[in-house]
S.K.: 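Here it is, the structure in full.
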There are 2 protein chains.
Amino acid sequence: MKEMLSKISIQVNEKIYLKNPDTSVLGRKLVAGSIALIDELGFEGFTFRKLAKSIDSTEASIYRYFENKHKLLIYLTAWYWGWMEYRMVFGLANVASPEDRLRKAINLLTEIVKEDSTFSHINEIKLNHIILAESSKAFLTKSVDQENKEGFFSGYKALVERMSQIILEINPNYKYSHMLVSTLIEGVHHQRYFTEHLPALTDVIQGEDAISDFYKDMLFKAIKTVEK
Amino acid sequence: MKEMLSKISIQVNEKIYLKNPDTSVLGRKLVAGSIALIDELGFEGFTFRKLAKSIDSTEASIYRYFENKHKLLIYLTAWYWGWMEYRMVFGLANVASPEDRLRKAINLLTEIVKEDSTFSHINEIKLNHIILAESSKAFLTKSVDQENKEGFFSGYKALVERMSQIILEINPNYKYSHMLVSTLIEGVHHQRYFTEHLPALTDVIQGEDAISDFYKDMLFKAIKTVEK
DNA sequence: CAAATATAATAGTATTACTATCATTTTCAA
DNA sequence: TTGAAAATGATAGTAATACTATTATATTTG
């Protein structure tokens with residue numbers, strides 16, 4: 001079983017990297033190390049020099065995998081969305097009602113990742129933590145149009161489209177399905193971040209997962225109700 | 001009239017800057033120039049050296065006003081929230097019903113700023129454009145806790161609190177007022193940005209301001225309805 | 001008008017973000 | 001198993017960034 005799972009790997013757009021880090025020991029150490037280091041230092045404080053030191057390699061070697069740290073961040077986010085897609089495929093299979101599928105999808109997106117999977121070198125707990133604080137920096141740059149054209153964000157877009165389709169199954173007349181989904185996804189990241197750092201901007205309720213409850217409430221009301 | 005208006009100025013937390021840029025010709029040129037340059041180059045491409053050149057001054061002079069470009073970004077966002085607060089005070093005064101006040105507040109937040117005011121050196125159109133792409137970078141850093149403690153985000157928090165109060169007037173039992181407001185604010189930024197750069201993540205509807213309509217619909221349903 | 005303050009001009013440092021070259025190690029195919 | 005190809009390491013170097021410091025020159029203000 002473990003062996004089977006170890007053969008599953010998340011594919012990301014080939015143009016993101018110079019050399020696929022998934023194909024070598026150094027590449028996997030590089031990615032694993034970058035997750036630990038970005039989580040520790042933040043993306044701005046993170047440099048390839050520090051990464052090289054932390055994995056006992058050299059800057060030059062890292063530059064053979066990624067053009068720059070921005071591309072590495074895009075790689076991590078693309079991997080994350082690929083992984084999320086994979087979790088959705090498994091989690092939503094054989095769930096007949098679109099309502100239940102949507103509920104499950106929201107759960108997957110809002111959950112704080114608490115278990116590291118055994119099938120990859122990537123620590124999904126730390127990666128999830130990075131995504132909350134850093135993922136928007138992957139597209140909030142002047143190179144976004146070019147990078148979008150090259151398909152760097154296709155994983156994210158595919159997920160939005162998939163969930164959008166579920167919403168349209170529930171209510172084919174709902175006009176803002178993509179907006180609703182991307183508002184949910186980015187919102188979850190922000191609210192989780194706010195809970196930790198800017199609690200005045202959110203609502204923390206003892207013993208409840210307010211974020212998950214809030215977004216479920218919000219989405220179903222948006223899709224299913226007519227205003228009183 | 002012009003003279004009176006020119007005496008209005010937006011106050012920001014004094015700890016954000018080393019010397020108040022609002023008190024000198026150079027300081028105002030610096031801020032105005034930074035808005036133009038960040039809009040043109042993006043925050044990552046923007047440097048104090050380039051700013052100095054563009055306003056025909058020196059790096060050393062700019063460093064007398066701001067410790068670094070991150071503090072300057074915090075200044076710009078704080079100014080923006082102060083300005084938004086000012087617009088809300090005027091825009092919502094004498095509006096009796098909380099529903100109408102909420103609708104107006106959402107309009108102010110979702111509107112693309114199209115007119116530059118005459119009472120300040122700041123180009124609000126460009127600043128609004130910067131806010132969409134760059135404002136989240138002001139708090140998505142490792143220094144957020146310290147900076148929050150020093151009150152750098154109090155303008156943003158005050159606005160969330162103000163709108164949260166309106167929501168509670170409409171429905172005192174609504175549990176997630178702060179979350180709803182910050183989801184709205186950050187969401188508007190993202191959706192405007194997506195419309196321009198990643199349209200697959202949003203819904204663009206010809207001849208309609210889909211973003212404004214979507215958020216109004218979403219908020220009122222969240223606050224006022226019970227799920228069918 | 002003198003003193004204080006602000007700005008400009010200039011120079012300098014440490015770090016970042018790379019690129020280049022060559023030696024060494026590892027891989028993998030015949 | 002060996003020898004070529006590929007990957008990595010070691011080292012060096014460049015341009016730009018992110019500052020700090022010093023001194024000279026304007027400008028403001030009391």
Side-chain angles (χ1 to χ4, degrees), chain A residues 14-34 37-38 40-76 121 134 137-138 140-143 146-147, chain B residues 14-34 37-38 40-76 121 134 137-138 140-143 146-147:
Chain A
E14 292 189 354
K15 286 184 233 153
I16 295 172
Y17 46 74
L18 298 170
K19 177 177 153 66
N20 190 344
D22 212 34
T23 60
S24 73
V25 175
L26 181 65
R28 289 187 292 270
K29 255 174 60 182
L30 187 174
V31 169
S34 74
L37 210 55
I38 292 172
E40 184 189 335
L41 306 173
F43 187 64
E44 286 72 33
F46 169 83
T47 69
F48 276 3
R49 178 180 295 260
K50 290 172 190 167
L51 174 58
K53 211 177 161 189
S54 89
I55 62 169
D56 216 16
S57 180
T58 62
E59 261 184 286
S61 298
I62 293 167
Y63 276 107
R64 281 187 200 104
Y65 287 86
F66 292 100
E67 235 177 288
N68 50 51
K69 71 174 182 174
H70 176 239
K71 288 279 173 69
L72 172 55
L73 180 63
I74 290 179
Y75 177 87
L76 294 178
H121 53 291
E134 318 289 359
K137 296 170 191 170
L140 293 174
T141 68
K142 283 285 166 182
S143 48
Q146 180 58 34
E147 286 163 358
Chain B
E14 293 188 355
K15 286 184 232 154
I16 295 173
Y17 47 72
L18 299 170
K19 177 176 154 65
N20 190 344
D22 212 35
T23 61
S24 73
V25 174
L26 181 66
R28 290 188 290 271
K29 255 173 61 184
L30 188 174
V31 169
S34 73
L37 211 55
I38 292 172
E40 184 189 335
L41 306 174
F43 188 64
E44 285 72 33
F46 168 83
T47 70
F48 275 3
R49 177 180 294 261
K50 290 172 190 167
L51 174 59
K53 211 178 164 189
S54 90
I55 61 168
D56 217 16
S57 180
T58 64
E59 261 184 287
S61 298
I62 292 167
Y63 276 106
R64 278 187 207 102
Y65 286 86
F66 293 99
E67 237 178 285
N68 50 50
K69 71 173 181 173
H70 175 240
K71 288 279 174 69
L72 171 55
L73 180 63
I74 291 179
Y75 177 88
L76 294 178
H121 53 291
E134 317 290 358
K137 296 171 190 168
L140 293 175
T141 68
K142 283 285 165 181
S143 49
Q146 180 58 34
E147 287 163 358

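Throughout, protein chains are lettered first and strands after them, A, B, ... in sequence-line order, and every chain is numbered starting at 1.
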S.K.: List for me each residue that meets salt bridge (Lys or Arg N to Asp or Glu O under 4.0 Å) alongside Glu147(B), sequence neighbours excluded, and say none if there are none.
M.R.: none

S.K.: Suppose we screen for side-chain hydrogen bond (donor to acceptor under 3.5 Å, both in side chains). Which residues come up paired with Ser24(A), at least two apart in sequence or across chains?
M.R.: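 Tyr65(A).
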
S.K.: Rounded to the nearest Å, what distance is computed from the CG atom of residue Leu72(A) to the P atom of nucleotide dC18(C)?
M.R.: 12 Å

S.K.: Which residues pass the side-chain hydrogen bond (donor to acceptor under 3.5 Å, both in side chains) test with Asn20(A), not counting sequence neighbours?
M.R.: Tyr17(A)

S.K.: Would you tabulate the nitrogen or oxygen pairs shorter than 3.5 Å linking the protein to nucleotides 6-8 of chain D?
M.R.:
residue, atom, partner, partner atom, Å
dA7(D), OP1, Lys19(A), NZ, 3.4
dT8(D), OP1, Tyr65(A), OH, 3.0
dT8(D), OP2, Tyr65(A), OH, 2.8

S.K.: Is the side chain of Lys137(A) donor-acceptor paired with the backbone N or O of Leu73(A) at a distance under 3.5 Å, no angle test?
M.R.: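 A pair under 3.5 Å: no.
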
S.K.: Kindly give the atom pairs (protein nitrogen or oxygen, nucleotide nitrogen or oxygen) under 3.5 Å for nucleotides 13-19 of chain D.
M.R.:
residue, atom, partner, partner atom, Å
dC19(D), O5', Tyr63(B), OH, 3.0
dC19(D), N4, Glu59(B), OE1, 3.4

S.K.: Could you tell me the separation between the CZ atom of Arg28(B) and the C1' atom of dA6(C), rounded to a whole number of Å?
M.R.: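 Result: 14 Å.
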
S.K.: Excluding sequence neighbours, so at least two apart, what forms side-chain hydrogen bond (donor to acceptor under 3.5 Å, both in side chains) with Glu67(B)?
M.R.: Lys71(B)

S.K.: Can you sort out the partners of Phe43(B) under ring pair (Phe, Tyr, Trp, His ring centres under 6.0 Å), two or more places apart, ordered by chain and number?
M.R.: none

S.K.: Rounding to 10 degrees, work out the angle separating the end axes of the helix from dC1(C)-dG30(D) to dA30(C)-dT1(D) (five pairs an end).
M.R.: 20°

S.K.: Taking salt bridge (Lys or Arg N to Asp or Glu O under 4.0 Å) as the cut-off, I'd like each qualifying pair that reaches into residues 17-30 of chain A, sequence neighbours left out, listed once.
M.R.: none

S.K.: Provide, to the nearest angstrom, the distance between the CG atom belonging to Leu37(A) and the P atom belonging to dT16(C).
M.R.: 12 Å

S.K.: Calculate the interatomic distance between Ile62(A) atom CD1 and dA10(D) atom P; express it in whole Å.
M.R.: 13 Å

S.K.: Only counting residues at least two apart or in another chain, list the ones meeting side-chain hydrogen bond (donor to acceptor under 3.5 Å, both in side chains) with Gln146(A).
M.R.: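 With neighbours one apart ignored, the set is Glu150(A).
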
S.K.: Residues two or more places apart in sequence or in another chain: which of them pass side-chain contact (heavy atoms from CB on, under 4.5 Å) with Lys53(B)?
M.R.: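 Listed in chain order: nothing, the list is empty.
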
S.K.: Please enumerate all residues that pass side-chain contact (heavy atoms from CB on, under 4.5 Å) together with Ser61(B), with sequence neighbours excluded.
M.R.: Leu26(B), Ser57(B), Thr58(B), Arg64(B)

